[in-house]
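I have placed the structure first, in the form of structure tokens, so that the comments after it can refer back to it.
The figures here come from the full heavy-atom set of this structure, side chains too, leaving out hydrogens, waters and symmetry mates. Bear in mind that the values here come from a model prediction, so they are computed numbers and not experimental data.
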Amino acid sequence: MEILLLVPCACLCAVTLMMGWLVHWAYKWINPPCNGTLPPGSMGLPIIGETMQFFKMSASLDVPNFYKQRIQRYGPIFKTNLVGQPMVVCADPEVNRFIFQQEGKLFRSWYPETANIIIGEKTIDEFSGPSQKFVRNFMSRLFGLEYLKQDLIPELEKDIRDCFAEWAAKPSIDVHDCTPDVIFLLVAKKMIGLHPSESKELRKNYSSFLEGLISFPIYLPGTTFYRCMQGKNNMMNLMSNLLRKRLSTPKEKHGDLLDLMVEELQSENPTIDEKFATDALSALLFTSFVTLSPNLTLAFKFLSDNPAVLDALKEEHDAILMHRKDASSGFRWEEYKSLTFTTLVINELTRMSNATPGIFRKTLTDVQVNGYTIPAGWMVMMSPMAVHLNPAFFEDPLDFNPWRWLDESKRNAQKNFVPFGLGIRACPAAEFSKLFMALFLHVLVTKYRWTKIKGGEVSRKAVIMFPQGYQIQLLPRA
């Protein structure tokens, strides 16, 4: 009898202990340890954090409510938890600049856990020291100024003209789907020598990557992470096979950047290994087009909606054609650098697109910022979007107004404009991106016109989306 009485008592004690542990765990979740004062904010629900609110779709290009509500309540620096990771979100341009400048001292480049799995944590770890130097030298062969000036412009122009001719031969095209193909086709050819048909197939594997970089690592069919991993596996198989083929015939040169990878791998003291090479190639292909394609898609929409901008753009590029001594000559670097209004348009497209959800860093030690402490090991997500679309920094931020960049009284706004980052991690492809957009616009406005067929409504999730697509008919300019 006494034993029977002890059983419910033991169960009650076990339940009490379990409840106590859960309460303690929940308290620790809500109030994470910190040697100082954490930024204000909420850690959300255990495990889930505030992930659901973060991914809630915004039915416009405006800053999503996730940021708006928290900035209004807590200020431009707040804590949160996304997909189980404690994080500080920063929408303060001065603090963002500080973070960029402290790269390698107080902060290091890092990504959410899912991105680490997709990209490869070893690769991210090795994007420093000799490996980082090799990659930057590697990238300069494709995106460096000398190569852009001397070799790349004619090839870029030909590919863009061929692309537009192909589009104009069709009754309609969806620019939201087609513009990424243009960029990816060129970069895949220059980087790994892929045939256009192969690059189009490979590009499909990247479609859900950006959204999947911040997601729960749940490997089940139907989840974003599952789609990302399937795409990654396909890419890695292709990259591995291509690399092994090149390594087996090292004397064959293809004139692409994969040749440089092979040379480094077969050098006496290589700074990279095959795993790093395939991961890095996959990541570089991804970043090469993911930020450009939303800008170019939005260009069609903004130019259609703003005839005065389109007319000014046509005038500038028609003048270039009129001043050429040889009408058949191609676009030149000097012409690109002479563009003034086009530069304003590119600034405005870049300011409004903000293609990525944020720029991520990880604290190497406890960091003091504006009276708050960000604990060592925490992630920081800088949000250029929340700065670029903030009316405190850019008047009427949702108005597409290239002329805003001419206003001398608002020149200070430019210090708040960091579309390509700053410091040692600044995007090495910044000049390439601006050149590509300028050349794309040059061919578009001098040779073509277009009419909208359907779609074109823009929304934001973690990325820019066109839920109904954006179908246009491209026609030769009258």
Side-chain angles (χ1 to χ4, degrees), residues 30-32 34 36-44 49-51 53-56 58 60-83 85-103 106-107 109-112 214 350-363 366-376 378-399 404 410-423 425-426 460-464:
I30 297 168
N31 301 281
C34 175
T37 303
L38 279 168
S42 169
M43 304 304 285
E50 296 188 306
T51 309
Q53 298 95 315
F54 178 79
F55 279 116
K56 188 174 181 180
S58 172
S60 77
L61 268 178
D62 200 2
V63 180
N65 284 334
F66 174 84
Y67 299 92
K68 276 189 171 181
Q69 293 170 356
R70 285 155 184 78
I71 291 171
Q72 184 176 10
R73 183 173 181 181
Y74 305 120
I77 304 174
F78 59 89
K79 70 176 183 287
T80 185
N81 189 293
L82 301 180
V83 293
Q85 291 190 280
M87 184 181 300
V88 168
V89 177
C90 184
D92 183 311
E94 292 297 329
V95 175
N96 284 347
R97 293 179 75 87
F98 168 76
I99 294 170
F100 281 127
Q101 292 163 355
Q102 294 299 313
E103 178 75 34
L106 301 179
F107 301 90
S109 182
W110 200 246
Y111 298 91
I214 308 177
T350 308
R351 181 187 69 81
M352 295 188 70
S353 67
N354 302 290
T356 58
I359 302 171
F360 297 95
R361 293 293 185 268
K362 183 178 182 179
T363 54
D366 287 358
V367 178
Q368 308 300 316
V369 173
N370 287 14
Y372 301 120
T373 300
I374 307 176
W378 274 46
M379 285 191 60
V380 177
M381 181 172 76
M382 294 174 282
S383 176
M385 171 186 61
V387 176
H388 295 163
L389 299 179
N390 187 335
F393 305 123
F394 296 93
E395 186 177 349
D396 299 320
L398 295 181
D399 289 348
R404 76 171 70 243
K410 297 182 175 61
R411 284 286 174 169
N412 284 339
Q414 294 204 21
K415 73 177 183 180
N416 303 319
F417 181 57
V418 287
F420 300 106
L422 291 170
R425 293 284 183 176
R460 283 191 192 273
K461 201 173 181 183
V463 296
I464 289 177

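- In terms of the side-chain contact (heavy atoms from CB on, under 4.5 Å) criterion, residue partners of Ser383 (sequence neighbours excluded) are, by chain and number, Tyr67, Met385, Ala386.
- Residues passing the side-chain hydrogen bond (donor to acceptor under 3.5 Å, both in side chains) test with Ser58, sequence neighbours excluded: none.
- Taking the centre and axis of the six-membered ring of Phe394, the NZ or CZ atom of Arg404 falls outside the cone set by 45° and 6.0 Å.
- With sequence neighbours excluded, the residues that form a side-chain hydrogen bond (donor to acceptor under 3.5 Å, both in side chains) with Glu50 are Arg70, Thr80.
- Not a single side-chain hydrogen bond (donor to acceptor under 3.5 Å, both in side chains) links Lys56 to another residue, sequence neighbours left out.
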Would you give me the side-chain donor-acceptor pairs under 3.5 Å for residues 87-96, sequence neighbours excluded?
{"residue": "Asp92", "atom": "OD1", "partner": "Glu94", "partner atom": "N", "Å": "2.9"}
{"residue": "Asp92", "atom": "OD1", "partner": "Val95", "partner atom": "N", "Å": "3.2"}

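- With a 4.5 Å cut-off on side-chain heavy atoms, Glu103 and Ser109 count as touching.
- For the pair Phe78 and Tyr372, the minimum side-chain heavy-atom distance is 4.5 Å or more.
- For the side-chain contact (heavy atoms from CB on, under 4.5 Å) test, residues two or more places apart in sequence or in another chain that qualify with Gln69 are Asn65.
- Looking at residues two or more places apart in sequence or on another chain, you find no salt bridge (Lys or Arg N to Asp or Glu O under 4.0 Å) involving Lys362.
- In this structure, the side chain of His388 engages the main chain of Val418 through a donor-acceptor pair within 3.5 Å.
- Listed by chain and number, the residues in a ring pair (Phe, Tyr, Trp, His ring centres under 6.0 Å) with Phe66 are Phe54 (sequence neighbours excluded).
- Applying the side-chain contact (heavy atoms from CB on, under 4.5 Å) rule to Pro375 yields the partners Cys34, Leu38, Asp366, Trp378; only residues at least two apart in sequence or on another chain are considered.
- Scored by the side-chain hydrogen bond (donor to acceptor under 3.5 Å, both in side chains) test, Gln368 finds Thr373 as partners (sequence neighbours excluded).
- Here the closest non-hydrogen pair linking Val387 and Asn416 is CG1-O, 3.4 Å.
- With hydrogens and angles ignored, the 3.5 Å screen pairs a side-chain donor or acceptor of Arg351 with a backbone N or O of Pro397.
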